[in-house]
2 protein chains.
Amino acid sequence: MAKFNIDIAKLELAASKLRAISHPMRIAIIELLSGDKHLSVTEIYKALEIEQATASHHLNILKSKGVLISKRDGKKIFYALRSNTLTEIIDCINRCNDN
Amino acid sequence: MAKFNIDIAKLELAASKLRAISHPMRIAIIELLSGDKHLSVTEIYKALEIEQATASHHLNILKSKGVLISKRDGKKIFYALRSNTLTEIIDCINRCNDN
DNA sequence: AATATATATAGATATATTTGTATTTTCACC
DNA sequence: GGTGAAAATACAAATATATCTATATATATT
């Protein structure tokens, strides 16, 4: 028995969630959606000036990790933040720029 | 001018900090050091059952991103959390397991 | 200075992530 | 059913990360 009990599964889970938001483009998406905005994939990839497929890929990562939710309306699919605590975490990290 | 002003440098900075803690082993290190503990590299790599070089590598990443501080005492170098807000962030992420 | 211990670094390999291009699916409308 | 728009998926290439083994550096002790 180690002095420190390692729960690999728990660590992987926490890491995978953090990894989901550890990317400049995905942080940009989160910031873009902050303020309870609901935007379509087209609006998002045009605002961020990236390929449609790239946007779709990042949106999928964020959704699969529970950061975003999506709702179809006709041909469009609107993405939004599932909770704004995420925005707060990003803000917090940004504020810690004192190193 | 885009509707959304993108500050790449700021996004990269935030992402790089998040990436620093987005790894199971590095989260384990943070948890191991939480509670204001000061541990040597040897204590850390033995507790986590990883190679010395691997531990050194992760410790360096965490230190260079301002997560950890280190202080030499004789032959040993002790690492500690620079601030425990990091632990709080990890806790918060862990608590959000409701997806 | 020689030796032992603690940590860091280098280099190679393996693995994961990101991105672009092309294709496919889903839906609305005619 | 055919067509066009919106989004997702597949695949390949480029890039980044992680890990191992080996080696180097720093410090203390004799």
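Numbered from 1 within each chain, the chains take letters A, B, ... in sequence-line order. This structure is a prediction, so every number in the text was calculated from the model and none was measured.
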Q: In whole angstrom, give the distance that lies between atom CD1 of B:Ile61 and atom P of D:dA16.
A: 14 Å
Q. Taking atom P of D:dA18 as reference, at what distance in whole Å does atom CD of A:Glu12 sit?
A. 12 Å
Q) Where the side chain of B:Ile77 is concerned, which of D:dT17, C:dA8, D:dA7 is the nearest nucleotide? A) C:dA8
Q. Among C:dG20, D:dT19, C:dT9, which is the nearest nucleotide to the side chain of B:Ser56?
A. C:dT9
**Q.** Options D:dA22, D:dT27, C:dG20, nucleotide nearest the side-chain atoms of B:Arg72
**A.** D:dT27
Q | N/O donor-acceptor pair under 3.5 Å between B:Arg19 side chain and B:Ile21 backbone | A | no
**Q.** Most 5' of A:Arg26 and A:Gly74 on DNA chain C, judged by nearest nucleotide
**A.** A:Arg26
Q: Identify which nucleotide among D:dA18, D:dA7, C:dA8 has an atom closest to any side-chain atom of B:Val41, counting heavy atoms from C-beta outward.
A: C:dA8
**Q.** Spacing of B:His23 atom NE2 relative to C:dA16 atom C1', expressed in whole Å
**A.** 10 Å
**Q.** Quiz item: A:Gln52 side-chain donor-acceptor pair to D:dA6 base, under 3.5 Å
**A.** no
**Q.** Side-chain touch A:Ile27/B:Leu18, heavy atoms, less than 4.5 angstrom
**A.** yes
Q.
Just to be sure I understand the rule, does A:Tyr79 reach a base, reach only the sugar-phosphate, or reach nothing, if contact means heavy atoms closer than 4.0 Å?
A. sugar-phosphate
**Q.** Test item: B:Leu81 and B:Ser34 side chains (from C-beta on) under 4.5 Å apart, heavy atoms
**A.** yes
Q | Any side-chain heavy-atom pair of B:Ile77 and B:Leu59 under 4.5 Å | A | no
Q: Find the distance A:Lys75:NZ to C:dC29:C1' and express it as a whole number of Å.
A: 8 Å
**Q.** Watson-Crick or G-U wobble mate for D:dT30, both contacts under 3.5 Å
**A.** C:dA1
Q. Going through the distances and angles, do B:Leu68 and B:Ile29 end up as a side chain to side chain contact (heavy atoms under 4.5 Å, CB included)?
A. CA-CA 10 Å; B:Leu68 301 183; B:Ile29 290 173; 4.3 Å; yes
Q. Would you say B:His58 reaches D:dT19's phosphate, i.e. side-chain N/O to OP1/OP2 under 4.0 Å?
A. yes
(Q) What contact category does B:His57 fall into here, base, sugar-phosphate, or nothing, at under 4.0 angstrom with non-hydrogen atoms? (A) base
Q.
When you measure from the side-chain N and O atoms of A:Thr54 to the phosphate of C:dG20, is any distance below 4.0 Å, counting only OP1 and OP2?
A. yes
Q. Rounded to whole angstroms, how far apart are CG on B:Asp73 and C1' on D:dT27?
A. 11 Å
**Q.** Nearest-neighbour nucleotide for the B:Glu51 side chain, D:dC20, C:dT18, C:dT21 considered
**A.** D:dC20
Q | Nearest to side-chain heavy atoms of A:Ala53, which nucleotide of C:dA6, C:dA22, D:dC20 | A | C:dA22
(Q) Measure CD/B:Glu49 against P/D:dC20 and give the value in whole Å, please. (A) 13 Å
Q: Would you mind reading off the distance between A:Lys76 atom NZ and C:dT25 atom C1', rounded to a whole angstrom?
A: 19 Å
Q | B:Arg26 CZ to A:Leu11 CG distance, which is reported to the nearest 0.5 Å | A | 12.5 Å
Q: Nearest whole angstrom, please: distance from the P of C:dT5 to the CZ of B:Phe78.
A: 17 Å
